[in-house]
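As the structure is a computational prediction, the values presented were derived from the model and not from experiment. Sequential numbering from 1 along the given sequence is applied to the chain's residues.
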Amino acid sequence: MHHSAAPAPVRELSEAGVSIWLDDLSRERLRSGGLADLIGSRAVVGVTTNPTIFAGALAKGDAYDAQLAELAAAGTDVEAAVERITTDDVRAAADVLRPVYDATDGVDGRVSIEVDPRLARDADATVATAVRLWQTVDRPNVLIKIPATVEGLDAIERTLAQGISVNVTLIFSLARYRRVMDAFLSGIEQARSAGHDVTRIASVASFFVSRVDAAVDTALTAIGSPEALDLRGRTAIANARLAYEAYEQVLQSDRWRALAATGAHPQRPLWASTGVKNPEYRDTLYVDELIAPDVVNTMPQATLDAFADHGVVLGNTVAGTYTASRSVLETVESFGVSLAEVTERLEVEGVEKFETSWSDLLATVADGLARAGGAPA
């Protein structure tokens, strides 16, 4: 993709092999043309959504009022209304990004929509919902988001096996990421056996970054020694860099090579949660320290604007860091901080946060339907 109009930092980031996706979507962005503008002005080539993003979009402004009135008049229940509203937004965004999808042969130009997070521990219901969302949006450039819970791993494999593109979300640990990649390989193998065109199936693995630092930094601050304090802000990047190493190892495996020979696309690592949580850290930290070929960085608007303004691209900032990254994680563990416990807690909290946002989304839509003349949900 050519982004000649974009500021140098985002242009250079794209040229370094990082696909810039926006971690936001709203009816207002679509209506105003703001999303389309970002393709040129910020080199954006994809969009991710989650329940929190939709809850926020629906809670402000009047962009959804007309549709809420229409749904209320039709007597639509709140669950069906939420699905209708969100799939309409995702379909519209997929249409905006379709030229990017076509120009990149399906690598980018993708828009993600998440399965109801209350189903995160129910593989059967997750697969059924993934199929329904895929059919409802009905665009080749959509990705169905499924959390990387233990139950989710089974759902991921089974969804991919049906030829459906998947964004695996809420990955925090290296151990779980390896299982995600295994589920991906199994899913693509089954899809191929079932006669699906594997060249059209895409997947990304959303590895979360800033939340890891937020959790580990709290523990290091409590320890309080100069050595512990010096480690703050380093765990998440080390963890993500080692995830990229694991990705490279899979690419070198015979199992992947056999799939690649049939035209399958790799499951790219996607850096998620890349807005800094600690105001003491530079606002582009989780972008400029994780530059490597064939990754996605999905950024909230503030992080994207910050990088466009003053981001620095110093080539590949992941290669050659694996030994040092392992040392960081080992040192953190030596202070009694269990990364296995931290990442497990983050997964539980991540699902809970999305469940809370889903409840907020249902409540907002229920209020909107009631105000628009429907019966209270």
Side-chain angles (χ1 to χ4, degrees), residues 17-19 21 23 45-50 90 94 97 100-101 104-115 120 123 126-127 129-131 133-134 137 139-149 151-172 174 176-194 196-208 240 243-244 246-253 255-272 292-298:
V18 178
S19 291
W21 290 8
D23 194 28
V45 292
V47 168
T48 49
T49 69
N50 61 45
V90 167
L97 283 154
V100 178
Y101 171 83
T104 61
D105 195 27
V107 173
D108 283 310
R110 297 276 175 175
V111 184
S112 297
I113 184 169
E114 188 142 347
V115 167
T126 293
V127 174
T129 306
V131 171
L133 289 173
W134 177 258
V137 176
R139 293 294 184 271
N141 51 329
V142 72
L143 291 166
I144 308 300
K145 270 180 118 167
I146 300 174
T149 57
E151 298 84 354
L153 294 169
D154 178 42
I156 290 154
E157 181 177 325
R158 287 161 56 190
T159 302
L160 286 163
Q162 295 187 54
I164 294 171
S165 297
V166 173
N167 175 344
V168 183
T169 188
L170 292 175
I171 309 171
F172 297 95
L174 294 166
R176 185 57 54 83
Y177 178 44
R178 289 191 182 95
R179 292 188 65 184
V180 165
M181 290 190 287
D182 187 65
F184 164 73
L185 293 170
S186 296
I188 298 296
E189 286 163 351
Q190 290 168 46
R192 188 187 61 191
S193 297
H196 292 288
D197 179 0
V198 295
T199 67
R200 306 323 300 164
I201 308 172
S203 187
V204 292
S206 297
F207 200 86
F208 278 55
Y244 191 81
Y247 162 71
E248 288 183 315
Q249 289 165 349
V250 165
L251 288 190
Q252 289 155 13
S253 69
R255 194 175 172 197
W256 166 248
R257 284 182 174 141
L259 287 172
T262 68
H265 294 287
Q267 180 187 54
R268 290 186 294 167
L270 179 151
W271 310 131
D294 304 316
V295 300
V296 178
N297 195 312
T298 187

S.K.: Salt bridge check, Arg192 against Asp197: does any charged N sit closer than 4.0 Å to a carboxylate O?
M.R.: no
S.K.: Tyr177: which residues meet the ring-ring contact (aromatic ring centres under 6.0 Å, His included) condition with it, sequence neighbours left out?
M.R.: Phe207
S.K.: Backbone N or O of Leu259 within a donor-acceptor pair of the Thr262 side chain at under 3.5 Å?
M.R.: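 Yes; at least one donor-acceptor contact below 3.5 Å.
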S.K.: What I want to find out is whether Arg158 reaches Asp154 closely enough, with some N-O distance under 4.0 Å, to be called a salt bridge.
M.R.: yes
S.K.: Ignoring hydrogens and angles, tell me if any N or O in the side chain of Arg179 forms a donor-acceptor pair with the backbone of Leu153 under 3.5 Å.
M.R.: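 Checked: no pair found.
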S.K.: Measuring only between side-chain heavy atoms, which start at C-beta, is Thr149 closer than 4.5 Å to Leu170?
M.R.: no
S.K.: Could you walk me through whether Val168 and Val204 pass the side chain to side chain contact (heavy atoms under 4.5 Å, CB included) test, one step at a time?
M.R.: CA-CA 6 Å; Val168 183; Val204 292; over 6 Å; no
S.K.: Could you tell me the separation between the CH2 atom of Trp256 and the CD atom of Glu189, rounded to the nearest 0.5 Å?
M.R.: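 It comes to 10.5 Å.
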S.K.: Which heavy atom in Arg268 sits nearest to a heavy atom in Trp21, and how many Å separate them?
M.R.: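 Here Arg268 and Trp21 meet closest at NH2-CZ2, 3.6 Å.
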S.K.: So Ile146 and Thr169, side chain to side chain contact (heavy atoms under 4.5 Å, CB included) or not? Walk me through it.
M.R.: CA-CA 6 Å; Ile146 300 174; Thr169 188; over 6 Å; no
S.K.: Indicate whether the side chain of Ser19 and that of Arg110 have a donor and an acceptor atom separated by less than 3.5 Å.
M.R.: no
S.K.: Any side-chain heavy-atom pair from Val295 and Leu270 closer than 4.5 angstrom?
M.R.: no
S.K.: Going from CG on Asn297 to CH2 on Trp271, what distance comes out if it is rounded to the nearest 0.5 angstrom?
M.R.: 9.0 Å
S.K.: Using the rule given for side chain to side chain contact (heavy atoms under 4.5 Å, CB included), can you reason through Ile164 versus Val131, listing the C-alpha separation, both sets of side-chain angles and the distance that settles it, and then say yes or no?
M.R.: CA-CA 8 Å; Ile164 294 171; Val131 171; 3.8 Å; yes
S.K.: Looking just at side-chain N and O atoms, do Ser186 and Arg255 make a donor-acceptor pair shorter than 3.5 Å?
M.R.: yes
S.K.: Taking the side chain from Asn141 and the backbone from Ala94, do they hold a donor-acceptor pair closer than 3.5 Å?
M.R.: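 Judged by distance alone, yes, a pair lies under 3.5 Å.
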S.K.: Are a donor atom and an acceptor atom from the side chains of Thr48 and Thr298 found within less than 3.5 Å of each other?
M.R.: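 Yes, a side-chain donor-acceptor pair sits under 3.5 Å.
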S.K.: Measure the spacing between CZ of Arg257 and CG of Leu251 and express it to the nearest 0.5 Å.
M.R.: 9.0 Å
S.K.: In a check of side-chain contact (heavy atoms from CB on, under 4.5 Å) between Val111 and each of Leu97, Val137, Leu143, which one passes?
M.R.: Leu97
S.K.: Evaluate the side-chain proximity of Phe184 to Pro266: yes if any heavy-atom separation is below 4.5 Å, no if none is.
M.R.: no
S.K.: Looking only at the side chains, is there a donor atom on one of Ser206 and Asn167 sitting less than 3.5 Å from an acceptor on the other?
M.R.: yes
S.K.: Shortest non-hydrogen contact from Ala148 to Val180?
M.R.: CB-CG2, 3.8 Å
S.K.: Within the distance-only criterion (no hydrogens, no angle test), does the side chain of Ser203 pair as donor or acceptor with the backbone N or O of Gln267 below 3.5 angstrom?
M.R.: no
S.K.: Say you draw a straight line from OG of Ser193 to CD1 of Ile188; how long is it, rounded to the nearest 0.5 Å?
M.R.: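 It is 11.0 Å, given to the nearest 0.5 Å.
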S.K.: Can you name the nearest heavy-atom pair linking Ile113 to Leu133, along with the distance?
M.R.: CD1-CD2, 4.2 Å
S.K.: Taking the side chain from Lys145 and the backbone from Thr49, do they hold a donor-acceptor pair closer than 3.5 Å?
M.R.: yes
S.K.: If you compare all heavy atoms of Ala183 against all heavy atoms of Ile156, which two are closest, and at what distance to 0.1 Å?
M.R.: CB-CG2, 4.3 Å
S.K.: Would you say Arg200's side chain and Pro140's backbone share a donor-acceptor pair under 3.5 angstrom?
M.R.: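 Not at all, since once roles are kept as given, no pair shorter than 3.5 Å links the two residues.
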S.K.: Using 0.5 Å steps for rounding, measure from the OH atom of Tyr244 to the CG atom of Asp294.
M.R.: 5.5 Å
S.K.: Closest approach of Ala155 and Thr126, non-hydrogen atoms and distance?
M.R.: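 Taking every non-hydrogen atom into account, CB-CG2, 3.7 Å.
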S.K.: Measuring from Glu157:CD to Gln190:CD, what's the distance to the nearest 0.5 Å?
M.R.: 4.5 Å
S.K.: For residues Val100 and Gly109, report the shortest heavy-atom separation together with the two atoms involved.
M.R.: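 Looking at all heavy atoms of both residues, the shortest contact is CG1-N, 3.6 Å.
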